[in-house]
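Ligands are counted one by one from 1 in listed order, and the atoms in each one are counted from 1 as well. This chain uses plain numbering: 1 for the first residue, then up along the sequence.
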Amino acid sequence: MTRVVVGGASSGLGLAIAEGFAASGAELLLWARNRDRLEETAERLRVEHPAATVHVAAADASCPAAAEQIAGAATALMGGADVLILNAGGPPPCPPDRTDAQGWRSALQLLTVTPIDLATRLLPGMRAQGWGRVVAVLSSGVREPLPELAYSNGARSALTAWLKTISATVASDGVTVNGVLPGRIDTARVAALDAGRAEREGRSVAEVRAASAAAIPAGRYGEPREFAAVALFLASEAGSYVTGSFLSCDGGQARGTW
Ligand SMILES: NC(=O)c1ccc[n+]([C@@H]2O[C@H](COP(=O)([O-])OP(=O)(O)OC[C@H]3O[C@@H](n4cnc5c(N)ncnc54)[C@H](OP(=O)(O)O)[C@@H]3O)[C@@H](O)[C@H]2O)c1
């Protein structure tokens with residue numbers, strides 16, 4: 001049974017990825033901050049996918065202790081992890097001329113230090129067994145920085161650089177390390193960002209959403225299951241020769257060729 005650790009697993013992209021693994025009968029450790037919501041998610045997955053085994057652990061990725069807590073839970077409950085999905089919530093929107101040192105410290109802990117620390121703790125087990133997958137949920141802002149998301153652009157870019165670096169270190173051990181860059185996938189986080197933008201610009205949420213969708217070649221926001229399909233491929237045996245890659249899942253929104 002494949003042992004999978006999924007962060008931010010009670011909503012949106014993490015939840016869709018967890019659902020995909022549960023459907024394949026995996027053993028899962030779901031983590032996020034709110035334990036009640038995690039327990040509800042786990043119970044639903046157990047009922048819908050009886051072949052799956054689902055554990056939960058509550059931790060806050062913006063706390064320095066989170067990686068140790070989650071790696072410890074993965075070891076205690078599953079004996080380690082074969083697949084690690086690096087994902088949690090996003091930082092608050094902030095234009096680049098309004099960031100401050102405390103905001104950077106928080107964003108870097110949430111989006112850079114905790115995922116690197118967690119992967120560093122779980123990678124030795126993957127390398128020792130000669131098989132493993134790390135897939136990070138990143139953002140289109142890594143490729144094309146988003147004006148209102150300065151913390152996200154910067155902290156996720158630092159994580160991406162580390163992922164690329166470690167991918168070469170572990171490749172010969174049968175471990176792949178990749179990232180998926182969502183554009184606008186229809187989740188609670190994107191709804192909140194749209195609502196914030198509507199308020200700032202004195203427009204309705206429907207207007208903001210229609211303008212965003214019109215800027216996407218596909219003409220619509222993505223579904224979480226469409227995003228999860230990319231992550232599931234990268235985490236599969238079929239993805240064995242893809243490593244150090246950062247794939248957009250954005251309906252064609254990124255205009256560059258890489
Ligand atoms: N959806 C998109 O199109 C899109 C685009 C670019 C980037 N992203 C990024 O992708 C990630 C997932 O986004 P989403 O759209 O799936 O968001 P979402 O629907 O709001 O889900 C976020 C998940 O992460 C958990 N979480 C939030 N803060 C956390 C923290 N500090 N520590 C641990 N878990 C935390 C949440 O549960 P709790 O609240 O219980 O912790 C929830 O399970 C975010 O980093 C987001 O910024 C998404």
With a heavy-atom distance limit of 4.0 Å, tell me whether [X] approaches ligand 1 through its side chain, its backbone, both, or neither.
X: N34; result: both
X: L110; result: side chain
X: R156; result: side chain
X: R184; result: backbone
X: S140; result: neither

Is a side-chain donor-acceptor pair under 3.5 Å present for [Y] with [X]?
X: D173; Y: Q129; result: no
X: W31; Y: Q69; result: no
X: E27; Y: H55; result: yes
X: D250; Y: Y221; result: no

N-O pairing of [X] and [Y] below 4.0 Å:
X: E40; Y: R37; value: no
X: R203; Y: E201; value: yes
X: D186; Y: R220; value: no

Residue and atom name of the nearest protein heavy atom (relative to [atom]), distance in Å to one decimal:
atom: atom 19 (O) of ligand 1; answer: S11 OG, 2.7 Å
atom: atom 5 (C) of ligand 1; answer: G183 O, 3.3 Å
atom: atom 35 (C) of ligand 1; answer: G89 N, 3.6 Å
atom: atom 36 (C) of ligand 1; answer: R37 NH2, 3.8 Å
atom: atom 4 (C) of ligand 1; answer: P182 CG, 3.7 Å
atom: atom 2 (C) of ligand 1; answer: V190 CG2, 3.4 Å
atom: atom 43 (O) of ligand 1; answer: S10 OG, 2.7 Å
atom: atom 44 (C) of ligand 1; answer: A88 O, 3.0 Å

Next item on the list: State, yes or no, whether a side-chain contact exists between L159 and L111 at a heavy-atom distance under 4.5 Å.
Entry: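 Contact flag for L159/L111 side chains = no.
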Margin query: Is the shortest side-chain heavy-atom distance between M78 and V5 below 4.5 Å?
Written below: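 A side-chain contact exists here, since the closest heavy-atom pair is under 4.5 Å.
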Contact with ligand 1 for [X], non-hydrogen, under 4.0 angstrom:
X: L138; value: yes
X: Y221; value: no
X: P224; value: no
X: S152; value: no

Next item on the list: Can you establish whether the number of heavy atoms outside R255 located under 6.0 Å from its atom CZ is more than 12?
Entry: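 It does: R255 CZ has more than 12 such atoms within range.
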Item checked: Proximity winner for atom 33 (C) of ligand 1, if only heavy atoms of A59, G7, A192, A188 are counted ->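 Nearest heavy atom to atom 33 (C) of ligand 1 lies in A59.
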Check: Should L13 be counted as touching ligand 1, given the test is an N or O pair under 3.5 Å?
Finding: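 Yes; at least one N/O pair falls below 3.5 Å.
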Margin query: So, taking the atom named CG in L118 and the one named CG in L84, what distance separates them when rounded to the nearest 0.5 Å?
Written below: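 The distance works out to 5.0 Å.
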